[in-house]
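Read the structure below first, then the notes.
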Amino acid sequence: MPELPEVETVRTGLERLIIGREIADVFADTVKSFPNDPEEVAQCLVDARVESVRRRAKVLLIDLSTRYTLVVHLKMTGQLVFRGEQNFGAGHPNDSLVGMLPDKSTRVILTFRDKSVLYFNDQRKFGWMKLYPTAEVPNIDFMRKVGPEPLEDSFTGELLYERLQRRKNTCIKAALLDQTVLAGVGNIYADESLWGAKIHPATIVKNIPKSKINNVASEIQIVMRLAIEKGGSTDRNYVNAEGKKGSYIDFARVFRRENLPCPRCSTTILKTRCAGRGTHLCPVCQPAATTLFQ
DNA sequence: CACTTGACCTGTCCGC
DNA sequence: TGCGGACAGGTCAAGT
């Protein structure tokens, strides 16, 4: 669930909440959640000060004064939640999904000198955090292979078209989900963007004219900018760095809106399967036809 | 190489 | 009410 807008929302929250704080103690529950050697972790993290919080695709990069970077992938159910004095042990306001911490999903705990805490929670244990020397981060396999950031000025329909050439025989949805084509798109924003561009998710890439790819590129930007403005999408698990939900899901046009009317033409939204994922579409706005674009 | 499928996990929901 | 199975979706390894 955390896709680009959710990870970006966590990033801006962390930037405000943890920069300048010094780590005093680290707890990690399993090797999988934090695979570095525990001694290395203690050595590189304890007494380190947080210098900056960056994002690339769906990955968070927490740069430390020790010239190490904590790389974090939230995968589907990961959360990074900060607790300082003002919200220590905070209960469950309506906009929160997180109660007392740690809880049974807590995988890693970073305690700062001032007793504030950063919790890494992950119900399904798919997420991870890992330490790398900051200078080596660009050489991480993922960082070398990942595609362009859709919200940068350099991202255009032309660039998307070019990137899609590597996946021209697959369906457009699978191609958009491929992080080496384009960074940061997941299931929610793939469905939303394809609805915006009026393209059926199962359409084979090579059958889509360039003008339509331009539309896809701009829809991705429109949808993601709105999602960031709304603090991301809380479908089930996602919360920001303060433990609060995002509200984009209330503005979604197709995602999780099966059996409801299409906001454009009132046709009932369908839920199908495409690229191995639950896929939402309007059968009238996004017709499945091979000769559609002739 | 291009593409698809299954595995990784746990919580939730649905049908019996 | 309990229980089995499907499902949720990001990424990578393994298979076609």
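Every chain is numbered from 1 and lettered A, B, ... according to where its sequence line falls, protein lines coming before strand lines. These values consider heavy atoms only, across backbone and side chains, with no hydrogens, waters or symmetry-generated copies.
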Name each donor-acceptor pair under 3.5 Å that joins a side chain in residues 259-275 of chain A to protein atoms two or more places apart or in another chain, with its distance.
residue, atom, partner, partner atom, Å
A/R264, NH1, A/W195, O, 3.3
A/R264, NH2, A/W195, O, 2.7
A/R273, NH2, A/G276, O, 2.9

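Under a 4.5 Å side-chain heavy-atom cut-off, the cluster of Ile, Leu, Val, Met, Phe, Trp and Tyr residues that includes A/F142 is completed by A/V59, A/L61, A/V71, A/W128, A/Y132, A/V137, A/I140, A/M143, A/V146.
In this structure A/F255 satisfies the ring pair (Phe, Tyr, Trp, His ring centres under 6.0 Å) test together with A/H280, sequence neighbours excluded. Not counting sequence neighbours, the partners of A/E192 by the salt bridge (charged side-chain N to carboxylate O under 4.0 Å, His left out) test are A/R253. Residues meeting the salt bridge (charged side-chain N to carboxylate O under 4.0 Å, His left out) test with A/R163, sequence neighbours left out: none.
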Base-contact (B) and sugar-phosphate-only (S) positions in nucleotides 4-11 of chain C, heavy-atom cut-off under 4.0 Å, - elsewhere: ----BBBB

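A residue-by-residue look at A/C171 and A/R107 shows that A/C171 has its nearest nucleotide of DNA chain B further toward the 5' end.
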With pairs defined as Watson-Crick or G-U wobble and both distances under 3.5 angstrom, please note down DNA chain C as a dot-bracket string, | for pairing with another strand. .|||||||.|||||||

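Taking atom P in both C/dC3 and B/dC9, the straight-line distance is 24 Å, to the nearest Å. On the P atoms, C/dG9 is 15 Å away from B/dC13, given to the nearest whole Å.
Sorted pairs that involve residues 7-27 of chain A and meet ring-ring contact (aromatic ring centres under 6.0 Å, His included), not counting sequence neighbours, are lacking altogether. Among pairs with a residue in residues 146-167 of chain A, none fulfils ring-ring contact (aromatic ring centres under 6.0 Å, His included), at least two apart in sequence or across chains. The ring-ring contact (aromatic ring centres under 6.0 Å, His included) pairs that include a residue from residues 211-251 of chain A are A/Y189-A/Y248, where partners are two or more places apart or lie in different chains. Residues in residues 41-51 of chain A take part in these salt bridge (charged side-chain N to carboxylate O under 4.0 Å, His left out) pairs, two or more places apart or across chains: A/D47-A/R113, A/R49-A/E51.
When A/V108, A/T111, A/L101, A/L80 are each tested for a side-chain contact (heavy atoms from CB on, under 4.5 Å) with A/Y119, only one passes: A/L101.
For DNA chain B, the contact window with chain A, defined by any atom under 4.0 Å from a protein heavy atom, covers B/dC3 to B/dG11 in 5' to 3' order.
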